[in-house]
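Just so it is clear, the structure is predicted and the values come from calculations on it, not from any experiment. Chain identifiers are assigned alphabetically (A, B, ...) following the order of the sequence lines, protein sequences preceding nucleic acid strands; residue numbering begins at 1 within each chain.
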Amino acid sequence: MPTIDPTAFSAALLAWYDVHHRDLPWRVSPRQRAAGVRADPYRIWLSEIMLQQTTVAAVKAYYAKFLARWPSVADLAAAPEGAVLAEWAGLGYYARARNLHACAKAVEGEHGGRFPETAAALKALPGIGDYTSAAIAAIAFDEPAAVVDGNVERVVTRLQAIDAPLPGAKPLIRNEVAALTPRERPGDFAQAMMDLGATICTPTRPACAICPVRPFCTATKTAEAERYPVKAKKAAVPARRGAAFVAVRGDGAVFLRKRPGSGMLGGMSEPPTTAWSARADGALGEAAAPFAAEWRLVGEIEHTFTHFKLTLDVWHAAVTGDPAIDGWWSGPENITAEALPTVMRKVLKAASIGTAGTDRRAAEPQTKGKRLHGTG
DNA sequence: AAATCGTGGTA
DNA sequence: TTACCAAGATT
């Protein structure tokens, strides 16, 4: 494997970054940085947690909402977990939101309200692992930590034509990044590597012709950049099936409950659902309902998670009394603020529970989910 | 240490 | 439609 001159490499990369960096809400631009503006650790941390396995486009609106509602780590630490989960609803990987809140409380309770300033200390906090600890340390505290995300893995495996498949090649990649990371401007270097991966060294059809570090790249010499990184193929996702029961009161309120605090959609809200059987053929009738009511099958929804595809039969009932299980009634004016993950919003939509306005019976054509015509 | 954990966009 | 991907962490 050829050795890259770190000084020449980072000079080329940073010169490109100074001109072509992305403008992002949580970012301090190189111009601002040179003028002495420091990144706010809270904002860097918040954005990094949100950006884990999540696109910049999806994060922007959530970042703005969180920052407006909780401008400081103290504000976030003082919030109820349920409020954080509700604000996170729709962004996915909900353990991130639980850990976000736990981390804010740890910073307040154990670190005097200030984020620790080294990657090693940051990594001890909830939700902060190898990547995030290095990123915060580099961007907010100028520590020359090796920042390795998916972008960097792609860039480095191409630079060095690393044929070893991921994730086994991670230690090798990390060492390469550590060797390349400069003492000066380590935060800009990390962000430059990620911007390069996001805009030039893309997964498909990389723009090698305009790449600022092309002279250092082995893979592009043989036009093989697109072959990297090498990854093992993923297994096909199995199918599961279950049922959801949407009870509606006369005033339009829907009965919701809180899911267990850990595991799938941990801590999030839902209309009561059955367990999700590994068998895709599980014919679940109203006998599976959590409480007796005049249940009527009104539709079904499909939702694909990371490791399985779920089909839920959607049952609906008009209810007068209170169910004998834990939960609460959520009125039409409150439903959008509930901690409902996307799959559960699909369920409510299939049961004609609107998320806008109060007329849940509005004749809105069903664009998603199969509308069934039961015995009416 | 392989499995678990969401969602939306795109080829 | 299917498959893969996007600033990974936890157990």
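The same atom, P, is picked in B:dC5 and in C:dA7; the two are 23 Å apart, to the nearest Å. Comparing B:dT4 with C:dA6, their P atoms are spaced 22 Å from each other, to the whole Å. If you take atom P in C:dA9 and the same atom in B:dG8, they sit 22 Å apart, rounded to whole Å.
Residue A:H307 places none of its side-chain N or O atoms closer than 4.0 Å to OP1 or OP2 of B:dT4. Within the 4.0 Å cut-off from OP1 or OP2 of C:dT10, not a single side-chain nitrogen or oxygen of A:R96 is found.
The side chain of A:D130 lies closest to C:dA9 when the candidates are B:dC5, C:dA9, C:dG8.
Taking atom CE of A:M193 as the reference point, atom P of C:dA6 lies 15 Å away to the nearest angstrom. In this structure, A:L46 places its CG atom 18 Å from P of C:dA7, rounding to the nearest Å.
Paired with A:Q191 under the rule side chain to side chain donor-acceptor pair (under 3.5 Å), one option of A:R33, A:R185, A:R27 passes, and it is A:R27.
Ion pairing between a basic and an acidic side chain is recognised when a charged N comes within 4.0 Å of a carboxylate O; A:D326 and A:K258 show no such pairing.
In terms of position along DNA chain C, the nucleotide closest to A:W26 lies nearer the 5' end than the nucleotide closest to the other residue of the pair A:G127 and A:W26.
Taking the six-membered ring for Trp and the full ring otherwise, the centers of A:F305 and A:H303 sit less than 6.0 Å from each other.
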Taking N or O atoms only and anything under 3.5 Å, show me the protein contacts with nucleotides 7-11 of chain B, one pair per line.
residue: B:dT7; atom: OP1; partner: A:Y94; partner atom: OH; Å: 2.8
residue: B:dT7; atom: OP1; partner: A:T342; partner atom: N; Å: 2.6
residue: B:dT7; atom: OP2; partner: A:H303; partner atom: NE2; Å: 2.6

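For residues 204-214 of chain A, no residue pair satisfies the salt bridge (Lys or Arg N to Asp or Glu O under 4.0 Å) rule, not counting sequence neighbours.
Residues forming a salt bridge (charged side-chain N to carboxylate O under 4.0 Å, His left out) with A:R114 (at least two apart in sequence, or on another chain): none.
The shortest side-chain heavy-atom distance between A:Y17 and A:L196 does not fall under the 4.5 Å cut-off.
One donor-acceptor pair, N or O on each side, does fall under 3.5 Å between the base of C:dA7 and the side chain of A:R22.
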